[in-house]
Amino acid sequence: PVPGAAVPVMATLARLAPDIVLIDARMRALLTDNPVDGSEAALITTWLATDYAWAGAVDDATYGRTDVYRWRGAGDSP
């Protein structure tokens, strides 16, 4: 990558390969308000549904609900 150049979100997620993904109210709004095929929101939603399992949620008086997703990993079923 060129220093200072924008990196597509899916390339960043692939590079990071997180074990845990947190989706808060702002991110949830971004993902649900932009369901256009091929959009970054649609790509992230598909990536999350394919590679991650919902592990629970944390409700907070200040930040609201945060959903927790865990990487399915080898051997986990979808």
- Apply the test side chain to side chain contact (heavy atoms under 4.5 Å, CB included) to residues V9 and L43: give CA-CA distance (whole Å), side-chain angles for both, the deciding distance (0.1 Å), then the verdict. CA-CA 9 Å; V9 70; L43 294 172; over 6 Å; no
Evaluation steps, side chain to side chain contact (heavy atoms under 4.5 Å, CB included), between W47 and L13 = CA-CA 9 Å; W47 169 80; L13 291 172; 3.9 Å; yes
_Go through it in stages, so that I can follow the logic: the residues are D60 and T66, the test is side chain to side chain contact (heavy atoms under 4.5 Å, CB included), and I'd like the CA-CA distance, side-chain angles, deciding distance and then a yes or no._
CA-CA 8 Å; D60 181 80; T66 298; over 6 Å; no
Practice task
Any chance you could lay out the side chain to side chain contact (heavy atoms under 4.5 Å, CB included) test for V58 and R65, step after step, and finish with the verdict?
Solution key: CA-CA 6 Å; V58 176; R65 178 187 171 110; over 6 Å; no
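With hydrophobic clusters built from ILVMFWY side chains whose heavy atoms lie under 4.5 angstrom apart, Y63 does not share a cluster with L30. Hydrophobic clustering places W54 together with I44 (ILVMFWY residues linked when any side-chain heavy atoms are closer than 4.5 Å, directly or through intermediates).
Contact detail for R72 and T50: the closest heavy-atom pair is NE-O, 3.3 Å. When every heavy atom of D19 is checked against every heavy atom of Y52, the shortest pair comes out as O-CE2, 4.0 Å.
In this structure, the separation between CG on L48 and CE on M27 is 10.0 Å, given to the nearest 0.5 Å.
A 4.5 Å side-chain heavy-atom check between Y69 and I23 finds at least one atom pair inside the cut-off.
Salt bridge present: R28 and D67 bring a charged side-chain N and a carboxylate O closer than 4.0 Å.
Not a single salt bridge (charged side-chain N to carboxylate O under 4.0 Å, His left out) links D51 to another residue, sequence neighbours left out.
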